[in-house]
Amino acid sequence: MPDTIDFAAELNPQQHAAATFGNGPLLVVAGAGTGKTRALVYRVAHLLGRGVPPHRILLLTFTRRAAQEMLGRVARLAGGSSARVHGGTFHATAHRLLRAYGPAAGLAKDFTILDQGDAEDLMGMSRAALGFGQRKSRFPKKETLHHVYSRHVNTEISVEDILRDDLPQFSDLAIDIKKVFAGYTTRKEERNLVDYDDLLLFWVAMLEGSPELGARIASLYDHVLVDEYQDTNALQARILRAMAATHRNITVVGDDAQSIYAFRGANVRNMLDFPKQFEGTTVVALEHNYRSTQPILDVTNTVISRARQRFTKNLFTQRTGGEAPALVAAKDEHEQTSWVVDRILELHEQGTPLREMAVLFRAGYMSADLEIELTNRKIPFEKWGGLKFLEAAHVKDVLAFLRILENPRDEVSWFRVLLLLPGIGDATARTAIDLLQARRWDPEALAELTPPPRAREAYTQLVQLFAALRDGNVDRAVPTEIAALRRMYDAILRERYDRVEPRLADLDQLEIIAGKFPSRAAFLSELALEPPSATQDLATGSSTDDDALILSTAHSAKGREWDAVFVIWAVDGWFPSSRALRSDEETEEERRLMYVAMTRARHHLAVLYPLNSYGSRWGSEYTIDQLSRFIDVGVRERMRRMAAYPAPAPILAPEALPGTPLDLRALLRGRFGAP
DNA sequence: TTTTGAAGTCTCTCC
DNA sequence: GACTTCAAAA
């Protein structure tokens with residue numbers, strides 16, 4: 001199939017060079033919209049055409065959305081033979097390798113994956129066990145501890161240096177903080193838990209720690225290709241070095257101007273230093289933009305030209321014509337919403353499908369007002385980014401039950417489940433867990449504990465539930481398990497919340513999703529690594545062919561493009577986020593994020609900023625907002641500046657009016673008995 | 001020891 | 001405006 005592709009006709013010379021490049025290290029430096037994914041996809045097709053077996057190609061990306069998109073495009077281009085190209089995010093790939101090779105490397109099987117919230121909880125347990133932060137003594141919160149830990153693992157920067165740079169107020173606590181980290185790692189090991197960072201760490205360890213195992217794993221693939229390389233971190237770079245050590249067939253594609261994951265440990269240096277890491281690297285630059293019209297490009301080029309340091313690329317296009325991007329001042333959030341919705345309907349009537357339009361924003365919650373309005377006006381939409389569904393307490397509760405069944409040593413889940421019972425708090429839960437640990441995590445051991453009187457009934461129920469679920473251990477489907485535990489849990493839910501219906505509906509959804517997986521283990525891992533990405537995915541099962549407007553965070557929008565793009569909340573403090581303005585590096589990352597958002601547009605781009613917001617944050621202050629600093633004078637003059645809606649004409653006072661004089665105050669005077 | 005109510009905290013981005 | 005934390009009461 002691949003040999004029917006006319007590479008020369010379908011690609012420009014630079015793309016062609018990248019796609020048909022032979023063996024050895026290749027770095028593709030590609031600007032936004034220059035078809036870097038296209039080059040990568042065609043390169044895979046080319047390799048297949050050269051006779052490389054699909055399962056010997058590894059295609060890595062940074063986010064799961066990018067992975068999905070890329071594998072889909074390969075499949076469409078190269079047909080069935082591509083079906084077995086290995087690919088996914090670094091984490092998902094690490095997970096697959098660990099399930100296969102982990103046992104050979106001393107990792108107990110049936111480990112469960114901690115998502116970020118779980119990892120933070122476990123960190124909190126470690127902190128509590130060591131007695132830090134109990135009193136007034138200042139000690140970082142569990143979230144902060146986890147952040148420092150994760151940053152340390154991913155960037156390979158010492159804990160001391162991270163504290164000094166990011167959290168100087170805790171600098172003198174480095175020794176104690178490291179004790180908490182030690183406790184955290186021990187707990188993970190004892191409880192057979194693996195966090196996101198461990199996935200990468202263990203991958204490296206397998207490659208570097210054992211020559212035999214390392215060689216075995218590295219030899220699984222003949223070609224390694226990486227998209228969005230500017231977003232990889234130090235650990236990932238090490239993985240790639242080891243994976244490509246023998247054959248050196250590594251292709252990486254990236255754009256330094258779109259590096260937006262430094263907060264997660266990504267380092268553009270990986271890309272800048274790639275030629276040093278791999279001697280004899282061929283560099284190909286893609287500068288021909290195929291996405292946007294010239295007026296849009298003029299604006300986005302200006303935005304990024306203000307960046308501190310970057311590879312200079314001159315993006316050009318042959319798409320002349322098109323209107324200048326709009327810069328729209330709205331009175332407040334609601335006017336911003338109205339303008340966006342009106343414009344979307346207008347474009348829709350002119351023939352642009354909803355799916356070809358997107359509204360982008362800095363953070364998930366900023367679309368709240370828009371979502372309400374869209375719902376009211378019955379405009380279908382799909383929201384990307386944000387993991388609300390899995391973060392909802394009731395969903396996590398149900399998953400905790402399942403995770404105990406999967407891995408009875410999962411302390412985080414035990415704690416969560418025990419606390420659900422009325423009359424059981426911190427102390428009793430702790431006792432129960434200590435008992436479990438002493439009894440080698442046999443759930444039946446719970447029966448030995450006499451719970452506080454108030455908790456007796458529920459506690460007995462719990463013990464019976466686990467006994468029942470364990471009895472029928474043979475091949476029980478996950479939805480059946482969920483249904484069984486919900487007989488107990490739904491009652492708790494009703495007790496706890498006033499509005500249970502939406503929550504019960506979520507759990508129904510969870511049951512349905514669970515049915516799609518062959519095993520409980522597969523279900524739980526998938527949920528941690530590839531959580532349902534859009535709310536709609538859940539609601540309808542699959543909504544891929546429905547026409548729906550896309551709402552997305554700027555981060556989740558990377559790598560995608562739409563005919564029309566609306567960037568909302570372009571207000572200083574929102575975008576850039578006020579939280580990300582503490583250092584020049586952070587500010588620069590925000591700028592690149594704005595650049596990413598604006599470069600998603602093909603034909604229509606509008607940037608909106610409400611002039612003021614009403615107590616949108618806390619309190620109920622009325623604030624006057626400033627346009628985002630990234631839309632500076634030079635950028636503005638390349639845009640069409642406009643007000644969302646014209647101010648109403650003033651009511652003119654009459655110069656003189658004939659008729660009876662009226663005394664308005666007199667109407668009320670004396671109404672309640674005059675003094 | 002658990003619960004409850006009040007005071008206090010800080011919002012993001014993703015695997 | 002939601003969620004955590006702290007202090008006091010049951």
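Computed from a predicted structure; not experimentally measured. Protein chains get the first letters and strands the later ones, always in sequence-line order, with residue 1 at the start of each.
- Across all strands, A:Glu589 comes closer than 4.0 Å to no nucleic acid atom at all (heavy-atom distances).
- Atom CZ of A:Arg362 is separated from atom P of B:dT11 by 12 Å (rounded to the nearest Å).
- For A:Tyr261 and B:dT13, the ring-to-base geometry does not satisfy the stacking test (centroid distance below 5.5 Å, interplanar angle below 30°).
- Counting any heavy atom pair closer than 4.0 Å across all strands shown, A:Phe62 reaches sugar-phosphate atoms only and no base atom.
- Taking the six-membered ring for Trp and the full ring otherwise, A:Phe575 and A:Phe361 have centroids separated by 6.0 Å or more.
- Taking 4.0 Å as the cut-off between side-chain N and carboxylate O, A:Glu406 and A:Arg520 count as a salt-bridged pair.
- As a whole-Å value, the separation of A:Leu449 CG from B:dT1 P is 13 Å.
- Proximity of A:Ser577 to the phosphate of B:dT11: no side-chain N or O atom is located under 4.0 Å from OP1 or OP2.
- Neither OP1 nor OP2 of B:dC12 sits under 4.0 Å from any side-chain N or O of A:Arg264.
- Mapping A:Ala528 and A:Asp426 onto DNA chain B by nearest heavy atom places A:Asp426 at the nucleotide closer to the 5' end.
- The NE2 atom of A:His146 sits 16 Å away from the C1' atom of B:dC12 (whole-angstrom rounding).
- Looking at A:Arg403, A:Arg191, A:Arg187 one by one, the single match for salt bridge (charged side-chain N to carboxylate O under 4.0 Å, His left out) with A:Asp118 turns out to be A:Arg403.
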Fill in the blank from the handout: Symbol by symbol from the 5' end, with Watson-Crick or G-U pairs under 3.5 Å, [ ] crossing and | another strand, DNA chain C is .|||||||||

May I have the list of side-chain donor-acceptor pairs in residues 453-461 of chain A shorter than 3.5 Å, sequence neighbours left out?
residue	atom	partner	partner atom	Å
A:Tyr459	OH	A:Leu446	O	2.8
A:Thr460	OG1	A:Arg456	O	2.7

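- At a threshold of 4.0 angstrom between heavy atoms, the contacts of A:Pro452 with the nucleic acid are absent.
- A distance of about 23 Å separates the C1' atoms of C:dT5 and B:dC12, rounded to the whole Å.
- Following rounding to the nearest Å, A:Glu120 (CD) and B:dT11 (C1') show an atom-to-atom distance of 13 Å.
- Spacing between atom CG of A:Leu360 and atom P of B:dC12 amounts to 19 Å, rounded to whole angstrom units.
- Ionic pairing of A:Glu69 and A:Arg73 is present here: one or more N-O contacts between side-chain nitrogen and carboxylate oxygen are shorter than 4.0 angstrom.
- Atom pair A:Asp115:CG and B:dT13:C1' shows a separation of 16 Å (rounding to whole Å applied).
- Between A:His95 and A:Phe111, the angle of the ring planes goes over 60°, which puts this pair in the perpendicular group of the 30/60° scheme.
- Closest contact between the side chain of A:Gln116 and the listed nucleotides B:dC14, B:dT2, B:dC12 involves B:dC14.
- For A:Gln626, the CD atom sits in a loose shell: 12 or fewer heavy atoms of surrounding residues, nucleotides or ligands are nearer than 6.0 Å.
- Phosphate contact (OP1/OP2 of B:dC14, side-chain N/O of A:Ser556, threshold under 4.0 Å): present.
- Counting to the nearest Å, the P atom of B:dC12 and the NZ atom of A:Lys383 are 12 Å from each other.
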